[in-house]
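Here's the structure we're looking at; comments come further down.
All chains are named by letter (A, B, ...) in the order of the sequence lines, taking the proteins before the strands, and each is independently numbered beginning at 1.
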Amino acid sequence: MAKYLILFIFSSLSFVYNASASEGIIVVANTADKSIKLNRQQVRNLFMGGAVPYELEAISLPSDNQTRVLFNTKVVGLTESRIQSYWAQMRFTGRKRAPKEMDSENLVLEYLKNNEGAVGYLPAGISVPDSLTVVYTIQ
Amino acid sequence: MIRRIFPLISASCIILLSCIHAVQAEDEDKLEFSGFARVIMGYLDDKNAEYVEYDNSVSFDHQSLLGLQADYQFNQDFSVTGQVVGHTATQRASGLEWLYLTYKPNNSLQIKLGKQRVPFFNYSDSLDVGFAYPWLTLPQQFYDTAFFSTFEGVLANYEFSLDDWVISYEGYWGYFDDEFYSGSRTIDTKVTGLFGLSTTLVYKHLSLRASYNQGDVQLELPEATQLAELLDQFGFSNNANWLNPDGPLQFYQLSANYEDLDYFVRSEAVKIVGKSGLIPDVNSYYITAGYNFYPYTAYISYSTRDVEFRHIPNEIPYGVSDQLDVLAATYDFVLSQFLDEKTNGSKIGIRWDWRSNVALKAEVTLVRADSKVSNDSALQDLGNFDGRAVLYQLGIDWVF
């Protein structure tokens with residue numbers, strides 16, 4: 001709990017959008033196969049609605065969330081505004097739907113625990129229950 | 001047969017969507033409403049021309065619009081979608097733009113059946129969703145090119161990944177039967193045997209798309225048809241054939257885009273080949289480069305369009321008889337209505353993503369014509385146009 005509290009204080013204090021290099025991201029999945037590993041491109045595809053070799057459901061965080069900003073910067077490689085405009089194009093042309101969003105990192109963890117096939121990104125320091133698998137890490 | 005099937009599907013989609021309110025209470029998250037809106041102000045700094053309907057006065061009613069979409073998910077595999085758009089522009093018909101049934105058995109395959117936008121180019125199916133692109137107005141010299149925008153039929157998309165590549169194939173088949181605006185005219189148009197194939201390759205920050213589209217076009221141009229019949233009676237069959245407005249139309253499109261956190265480059269080129277005399281060959285492209293400094297995006301863009309009708313020589317001799325003189329003069333007059341045209345547009349603009357779903361945009365476009373203006377496209381010569389005009393625009397794009 002203390003860890004979450006520290007994390008919460010940390011993230012609410014960091015107003016800077018360009019996060020420093022020391023903050024890592026992990027991508028966590030609820031999969032029966034614990035050996036699954038994804039590369040950066042596959043993670044990017046998964047969260048941008050592209051095809052990946054596994055049937056996984058991406059879960060995201062809200063657009064103002066600091067972990068999302070880090071994920072955009074380090075993994076997707078696009079600004080939040082570009083991602084929003086991409087999803088508008090996909091939605092109104094009936095091509096793809098944006099991932100379901102959870103309000104906080106804790107809610108993402110809860111959702112992952114309860115839904116097989118779900119995959120979400122979280123800050124590297126977070127404690128991950130044994131039932132979930134870290135499929136990708138970036139420092 | 002096909003003509004009977006697709007209206008039937010469209011009608012079924014309407015009935016399904018209208019019945020949905022009954023089940024809404026049981027399962028609210030299955031029905032979703034969303035929408036998009038644009039409020040665009042523009043002013044053309046030229047008394048002698050019109051561009052994208054803007055003239056020498058400030059106006060809001062040429063590109064402002066409201067779109068509403070309803071999606072209903074029947075189960076994991078099937079859904080139905082309807083989208084209506086209300087335009088302020090007089091040259092765009094308001095009403096149903098999309099109405100289709102989607103079958104998506106997995107993440108790779110998607111099949112859509114019903115009324116849809118034709119995916120000729122990268123933004124052909126999202127022209128009205130200004131929030132989806134950086135420009136305030138899409139490069140007109142490129143996007144003014146496709147004169148019919150929807151079709152009724154089937155579209156399938158298959159996507160897969162291979163190492164670091166994402167590859168997708170798309171194909172559609174159907175028909176179009178409606179009217180379109182060409183400059184100041186409304187022309188009844190039928191396009192049958194309409195189909196297209198495209199492939200998109202995405203590798204890291206780079207994406208490439210190539211597409212081919214084809215259709216048999218029949219234009220309702222009674223004056224041209226009557227004159228053609230007359231010319232045929234007199235034996236001037238080449239000139240008569242030239243005036244026949246029916247024939248195949250082919251589109252070849254290529255596009256290359258690059259984008260990362262800081263920069264983007266977007267480009268598209270198209271070659272359109274019209275086999276009948278009244279449908280021109282068109283070559284056009286645009287290239288845009290931009291810089292992101294979140295929440296702002298600044299860009300410069302250049303686009304050009306070259307329209308060529310391939311006029312054939314007038315076979316009808318002058319000075320033989322009064323009757324032939326009239327016929328020859330009429331033929332020359334008709335030809336003069338189908339002018340070759342070379343235009344280009346240069347623009348500079350900025351987009352500010354004020355909220356995650358609201359963008360404010362400002363754009364200045366210099367449009368130039370290197371020839372006489374045919375008045376068949378976004379650029380209109382009101383008389384004595386010197387070939388240069390500047391359009392100033394401000395706008396809000398919103399999605400909800």
Query raised in the report: Below 4.5 Å, heavy atoms only, C-beta onward: do Y294(B) and S81(A) meet side chain to side chain?
Result: yes
Requested in this report: Could you check if a side-chain atom of K104(B) sits within less than 4.5 angstrom of a side-chain atom of R97(A), using non-hydrogen atoms only?
Outcome: no
Report task. Kindly give the heavy-atom pair with the smallest separation between G77(A) and H205(B), and that separation in Å. Result -> O-CE1, 4.0 Å
Query raised in the report: Quick one: what part of K112(B) sits under 4.5 Å from any heavy atom of chain A, side chain, backbone, both or neither?
Result: side chain
Requested in this report: Identify which of F160(B), W165(B), F36(B) forms the greatest number of heavy-atom pairs closer than 4.5 Å to chain A.
Outcome: F36(B)
Requested in this report: Answer yes or no: is there a donor N or O on one side and an acceptor on the other, between the side chain of Q83(B) and the main chain of F92(A), under 3.5 Å?
Outcome: yes
Requested in this report: Using only heavy-atom distances, determine whether the side chains of T93(A) and R117(B) contain a donor-acceptor pair under 3.5 Å.
Outcome: no
Requested in this report: Assess whether atom CG of D103(A) is packed by more than 12 heavy atoms of other residues, nucleotides or ligands within 6.0 Å.
Outcome: no
Query - More than 12 heavy atoms from other groups under 6.0 Å of CD1 on I300(B) - result: no
Requested in this report: Please flag which part of N157(B) lies under 4.5 Å from any non-hydrogen atom of chain A: side chain, backbone, both or neither.
Outcome: side chain
Report summary line: Rounded to the nearest 0.5 Å, the CG atom of N106(B) sits from the CD atom of E55(A) at a distance of 6.0 Å
Report summary line: Between the CD atom in E259(B) and the CZ atom in R82(A), the distance rounded to the nearest 0.5 Å is 4.0 Å
Query raised in the report: Roughly how far, to the nearest 0.5 Å, is the CG atom of N292(B) from the CD atom of E80(A)?
Result: 12.5 Å
Report summary line: To the nearest 0.5 Å, atom OG of S356(B) lies from atom CD1 of I83(A) at 11.5 Å
Query - Among A88(A), P53(A), S63(A), G94(A), residue most engaged with chain B (heavy-atom pairs, under 4.5 Å) - result: G94(A)
Requested in this report: Begin with the C-alpha distance, continue with both residues' side-chain angles, and end with the deciding distance and a verdict on side-chain contact (heavy atoms from CB on, under 4.5 Å) for L78(A) and D260(B).
Outcome: CA-CA 6 Å; L78(A) 295 174; D260(B) 64 23; 5.9 Å; no
Query raised in the report: Side chains of Q89(A) and Y123(B): does their closest heavy-atom pair fall under 4.5 Å?
Result: yes
Report task. Please determine if D125(B) and R95(A) form a salt bridge, counting it only when a charged side-chain N lies under 4.0 Å from a carboxylate O. Result -> yes
Requested in this report: Please lay out, stage by stage, how S126(B) and M90(A) fare under the test side-chain contact (heavy atoms from CB on, under 4.5 Å).
Outcome: CA-CA 9 Å; S126(B) 53; M90(A) 292 300 125; over 6 Å; no
Query - From CG (D353(B)) to OG1 (T79(A)), nearest 0.5 Å - result: 7.0 Å
Report task. Using a cut-off of under 4.5 Å on heavy-atom pairs, state which of L155(B), D164(B), V166(B), V399(B) scores highest against chain A. Result -> D164(B)
Query raised in the report: Is the count of non-hydrogen atoms from other residues, nucleotides or ligands lying under 6.0 Å from K204(B) atom NZ greater than 12?
Result: no
Query - Structural part of S34(B) lying under 4.5 Å from a heavy atom of chain A - result: both
Report task. Using a strict 4.0 Å threshold on nitrogen-to-oxygen distance, state whether K96(A) and E159(B) make a salt bridge. Result -> yes
Requested in this report: Determine whether more than 12 heavy atoms belonging to other residues, nucleotides or ligands lie under 6.0 Å from atom CH2 of W398(B).
Outcome: no
Report task. Sort T102(B) into side chain, backbone, both or neither according to what part of it lies under 4.5 angstrom from a heavy atom of chain A. Result -> neither
Report task. Test R91(A) against every option in D71(B), T81(B), V129(B) by the side chain to side chain contact (heavy atoms under 4.5 Å, CB included) rule and name the one that passes. Result -> D71(B)
Query raised in the report: Which answer fits N39(A), side chain, backbone, both or neither, if we ask what part of it has an atom under 4.5 Å from a heavy atom of chain B?
Result: side chain
